[in-house]
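Down below is the structure, laid out as structure tokens.
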Amino acid sequence: MHFSRSVHIVGCHSEGEVGDVIVGGVLNVPGNTMFDKLRHFETEKDGLRQFLLNEPRGRASMNVNVVLPPCDPRADAGFLIMESEEYAPMSGSNTICTTTVLLETGMVAMKEPTTEVVLDTAAGLVTVTAECEAGKCKSVEFNNVPAFVLELDYPVHVPGLGKVSVDIAYGGMMYVLVDAPSLGMAVHNQYAAKLVEIGERIKRAVEAVYTPVHPEIPGIRGFSVIEFTEPPITEGQDQTMVASNAVVVSPGRFDRSPCGTGTCARLAVMHARGQIAEGQILKHRSIIGTEFISRIRGFAKVGSHPAVLPTVKGRAWITSFKQMVLDPQDPFPEGFRVGDQWHIEEKQA
Ligand SMILES: O=C(O)[C@H]1NCC[C@@H]1O
């Protein structure tokens, strides 16, 4: 049997969020930087993303990463992140999945008790430290690119909601952040459907009046995601700071993990508000109760913006080894979406 595509994938999730990793069947693409390669996939090879993420092969709540040779010689590997609506420049849960797969399958040599890995991403170099024991990555901690705030308390008029106050920040993706209690809700499953619907509405209202642009990587512009937050509380004998959040990933579903880039954007906002100091731990909790452990490891400047250097730690588990194939007779080579799962907007319906 001849197949038009045959892609080798290691299935993985980080704290609940699926981040499958392509380890074979996809060739390198041209580009001097990983951002160039991202653009190449976007313009020339987007069929791969649609093939893997849309139904019937994919589903609304998943991501797929493609491992490629790095552009920066300091890196061990490069990778690009494919999400339902976009190629994310950087992603925390996907970094943790990709590192776990690289080390646990031997694509990058594992050293116990810790392995240092340098990953080339479209947002820049990310250094990673994995705690390893008996061939398993027990945790993966990554030093993310600088995160910074563009706006605090930005007022926006949202149809049906009135004036909503949002923060705007970059944590590897561009975020709109909204305090859930300010809308009379909490980051809780009982509000999930409503938060997702309202979240997409707020994001569109902000998009209509504000276009964020990364000052050093102008190709990174526009909003990816919206993050609902709850105020931090302290827990346990050591009074660790803990906060819940839920990130709405387009076209309308919650990140199952505590969202790594969302955590970094949150650290930048909390620091700008004087709510967190360098080195202080923030446990960021997801809608399913899983956690990333984060802190600010230092400071930087991005363009004219003061920035924090965020570090985030989480875990990932391999779930499968699979080969996705395309029968040339299959009527859905790039899959399809149905409005019951994919939050399809009226104009698209
Ligand atoms: O951890 C993150 O940064 C993300 N998880 C899925 C959506 C975001 O890329």
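Whatever order the structure lists ligands and atoms in, that order sets their numbers, starting from 1.
Distances between N or O atoms of Phe292 and those of ligand 1 include no value under 3.5 Å. Checking only distances, Gly260 does come within under 3.5 Å of ligand 1, N or O to N or O. Taking any N or O of Glu17, backbone or side chain, none lies under 3.5 Å from an N or O belonging to ligand 1. Of the polar atoms of Tyr175, none of the N or O atoms is found under 3.5 Å from an N or O of ligand 1, judged by distance alone. Checked against a 3.5 angstrom limit, the closest N/O atoms of Ser91 and ligand 1 fall inside it.
Rounded to the nearest 0.5 angstrom, Thr99 OG1 and Glu116 CD are separated by 11.5 Å.
Both tests pass for Arg5 against the ring of Phe51: distance under 6.0 Å to the centre and angle within 45° of the axis.
Of the protein's heavy atoms, Asp255 OD2, 3.2 Å lies nearest to atom 6 (C) of ligand 1. Counting only heavy atoms of the protein, atom 9 (O) of ligand 1 lies nearest to Glu83 OE2, 2.6 Å.
Between the side chains of Glu17 and Asn63, at least one donor-acceptor pair of N or O atoms lies under 3.5 Å.
Between Asp46 and Arg49, at least one side-chain nitrogen of the basic residue sits less than 4.0 Å from a carboxylate oxygen of the acidic one, meeting the salt-bridge criterion. With salt bridges taken as basic N to acidic carboxylate O contacts below 4.0 Å, none links Arg59 and Glu55.
The ring of Phe223 has its center no closer than 6.0 angstrom to the ring center of Tyr175.
The backbone and the side chain of Thr261 each have at least one atom closer than 4.0 Å to an atom of ligand 1 (non-hydrogen atoms only).
Here the rule is side-chain contact (heavy atoms from CB on, under 4.5 Å) with Phe228, and of Asp179, Val196, Val248 only Val248 fits it.
Contact atoms of ligand 1 toward Ser93: 1 (O), 2 (C), 4 (C), 5 (N), 6 (C) (distance under 4.0 Å to a heavy atom of the residue).
Ligand 1 lies nowhere less than 4.0 angstrom from a heavy atom belonging to Ala88.
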